[in-house]
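Take a look at the structure set out below.
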Amino acid sequence: MGHTATPPPATGGLTATEHRLANGLRVVLSEDHLTPVAAVCLWYDVGSRHEVKGRTGLAHLFEHLMFQGSAQVEGNGHFELVQGAGGSLNGTTSFERTNYFETMPAHELELALWLEADRMGSLLAALDEESLENQRDVVKNERRQRYDNVPYGTAFERMTAMVFPEGHPYHHTPIGSMADLDAASLRDAQEFFRTNYAPNNAVLAVVGDIDPEQTLAWVEKYFGSIPGHEGKQPPRDGSLPEVRGEETREVVEEEVPSRALMAAYRLPHDGTREADAADLALTVLGGGESSRLYARLVRHDRSAVAAGFGMLRLAGAPSLGWLDVKASSGAEVADIEAAVDDELRRFAQEGPSAEEMERAQAQLEREWLDRLATVGGRADELCRYAVLFGDPQLALTAVGRVLEVTREEVREIAAQRLHPDNRAVLVYEPLANEAEENEESGQ
């Protein structure tokens with residue numbers, strides 16, 4: 001078992017040590033005795049970018065299957081055991097990873113480790129047609145409830161398909177298509193698990209009121225005998241030109257409460273100084289009620305009821321700057337778009353003021369510190385930096401890197417990226433009868 005225990009500089013007193021089992025599992029530990037709780041976070045290096053055409057949605061489907069029982073834990077037992085011990089748990093899927101996490105009373109840490117190891121090592125013993133069909137239906141229903149049957153629900157799916165070209169690994173979202181979910185067979189699921197749910201494709205972080213020596217002994221005891229797997233292929237190349245070179249646009253007529261203007265701008269890859277500069281730019285422009293776009297569109301022009309500009313950080317493809325404006329009754333999208341472009345041009349020329357820069361850095365610093373302050377948030381960030389960037393210690397110094405960015409760097413990245421030739425635009429128009437009803441009722 002390897003052991004790296006040199007505390008990194010400038011981490012605000014937080015430390016983490018990294019270890020590796022013989023089967024390839026990376027283990028990151030961070031002691032925090034402030035409260036008697038411990039967080040277990042397990043990241044598998046598999047997300048929707050690893051899927052192939054015709055089998056989209058498998059990564060997300062498998063997130064659900066992981067809660068359907070394993071060799072020693074039947075049915076819903078994982079939830080029942082964790083919650084019965086006073087803990088909480090969940091799992092999520094993204095383009096770039098699938099993660100599972102529990103926060104437990106510290107004295108129940110061994111239970112969480114055993115549960116995660118049992119399903120990593122023995123899920124195939126319990127995976128059958130019945131559990132596959134059960135969770136296939138759950139995921140399809142989730143798609144209906146969260147995407148297909150809610151206002152603006154398909155916006156993210158539409159936008160990513162516009163931004164990332166056909167055949168690109170990020171062209172489809174993790175939820176997958178109904179047709180592909182129907183087509184997934186038990187054999188597909190079994191092979192997906194064998195390839196991706198191996199210890200050498202995972203990072204385990206344990207954070208909180210722990211005894212590192214005892215924790216490592218439990219990890220070795222429960223995970224050490226699980227064999228690795230060498231058959232995984234690397235994800236397809238997600239690189240693209242820095243700037244799109246054109247604007248693409250789609251108008252959608254649906255039953256939505258109001259007109260909406262959405263746009264996605266191609267931004268630098270996560271893990272770079274340029275990505276931090278872009279994050280600061282979007283925070284000044286659209287990060288809350290003190291931002292420029294909110295002040296212009298909601299307060300001054302009164303053409304919008306909500307306006308935000310946020311960043312979806314991606315490591316294996318260009319990140320996205322996501323603009324989302326919901327129009328006021330009677331407001332025209334063309335007027336809103338003209339005002340947005342006016343603000344972006346001005347920002348590209350002038351950059352943020354000293355006060356705006358200080359406020360944006362403080363906002364991002366607070367968000368980072370809030371994540372690192374909880375055992376679950378810190379475990380997640382340690383896993384993220386280990387899986388995506390190879391070094392969990394980078395999570396503990398991220399705040400410092402954001403604070404080092406200059407106003408000129410923020411202005412420069414805005415000038416390079418936040419212009420019409422680098423975006424996909426999505427406009428929502430209410431159906432005619434819906435719009436007429438809103439006007440008649442004075443909405």
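Quick note: numbers below take in every heavy atom, side chains included, and nothing from hydrogens, waters or symmetry partners.
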List in chain and number order the residues that pass ring-ring contact (aromatic ring centres under 6.0 Å, His included) with [X], two or more places apart in sequence or in another chain; answer none if no residue qualifies.
| X | value |
| --- | --- |
| Tyr147 | none |
| Trp218 | none |
| Phe347 | none |

### Task
Not counting sequence neighbours, which residues clear salt bridge (charged side-chain N to carboxylate O under 4.0 Å, His left out) with Arg158? List them please.
Glu250, Glu254
### Task
With sequence neighbours excluded, tell me which residues meet salt bridge (charged side-chain N to carboxylate O under 4.0 Å, His left out) with Arg144.
none
Side-chain donor-acceptor pairs under 3.5 Å in residues 80-88, sequence neighbours left out?
none

### Task
Please list all pairs passing the salt bridge (charged side-chain N to carboxylate O under 4.0 Å, His left out) test where one or both residues lie in residues 134-143, with sequence neighbours left out.
Glu133-Arg136, Lys140-Asp182, Glu142-Arg146, Arg143-Asp148, Arg143-Glu157
### Query
Is there any side-chain hydrogen bond (donor to acceptor under 3.5 Å, both in side chains) pair reaching into residues 360-375, and which pairs are they, with sequence neighbours excluded?
Arg371-Glu381
### Query
Quick one: side-chain hydrogen bond (donor to acceptor under 3.5 Å, both in side chains) pairs with a partner in residues 160-169, sequence neighbours left out?
Glu166-His171
#### Entry: Within 45° cone of Tyr428 ring axis and under 6.0 Å: Lys326 NZ or CZ
no
### Query
Taking the six-membered ring of Phe309 as reference, does the NZ or CZ atom of Arg292 fall below 6.0 Å from its centre and within a 45° cone about the axis?
no
### Message
Any salt bridge linking Arg266 with Asp421? Criterion: basic side-chain nitrogen under 4.0 Å from a carboxylate oxygen.
### Response
no
Have [X] and [Y] got a donor and an acceptor in their side chains that come within less than 3.5 Å?
| X | Y | result |
| --- | --- | --- |
| Asp270 | Ser319 | no |
| Arg423 | Tyr265 | yes |
| Arg97 | Thr93 | no |
| Ser131 | Asp128 | yes |
| Thr17 | His19 | yes |

### Message
By the ring pair (Phe, Tyr, Trp, His ring centres under 6.0 Å) test, which pairs, at least two apart or in different chains, include something from residues 375-398?
### Response
Tyr385-Phe389
### Message
Using every non-hydrogen atom in the two residues, find where Pro352 and Glu356 come nearest and quote the distance to one decimal.
### Response
CA-OE1, 3.4 Å
### Task
Please report the shortest heavy-atom distance between Met159 and Ala424, naming the atom on each side.
SD-O, 3.5 Å
N/O donor-acceptor pairs under 3.5 Å from side chains in residues 100-107, not counting sequence neighbours:
unit_1	atom_1	unit_2	atom_2	d
Tyr100	OH	Tyr197	OH	2.7
Glu102	OE2	His78	NE2	3.0

### Query
How are the rings of Tyr170 and Phe164 set relative to one another: parallel (under 30°), tilted (30 to 60°) or perpendicular (over 60°)?
tilted
### Message
Using a 6.0 Å cut-off, check whether atom CD of Glu74 has over 12 heavy atoms from anything other than its own residue.
### Response
no
### Task
Determine yes or no for a side-chain-to-main-chain donor-acceptor pair under 3.5 angstrom, with Asp45 supplying the side chain and Ala202 the backbone.
no
### Query
Taking only residues two or more places apart in sequence, or in another chain, which ones meet Glu230 in a side-chain contact (heavy atoms from CB on, under 4.5 Å)?
Asn200
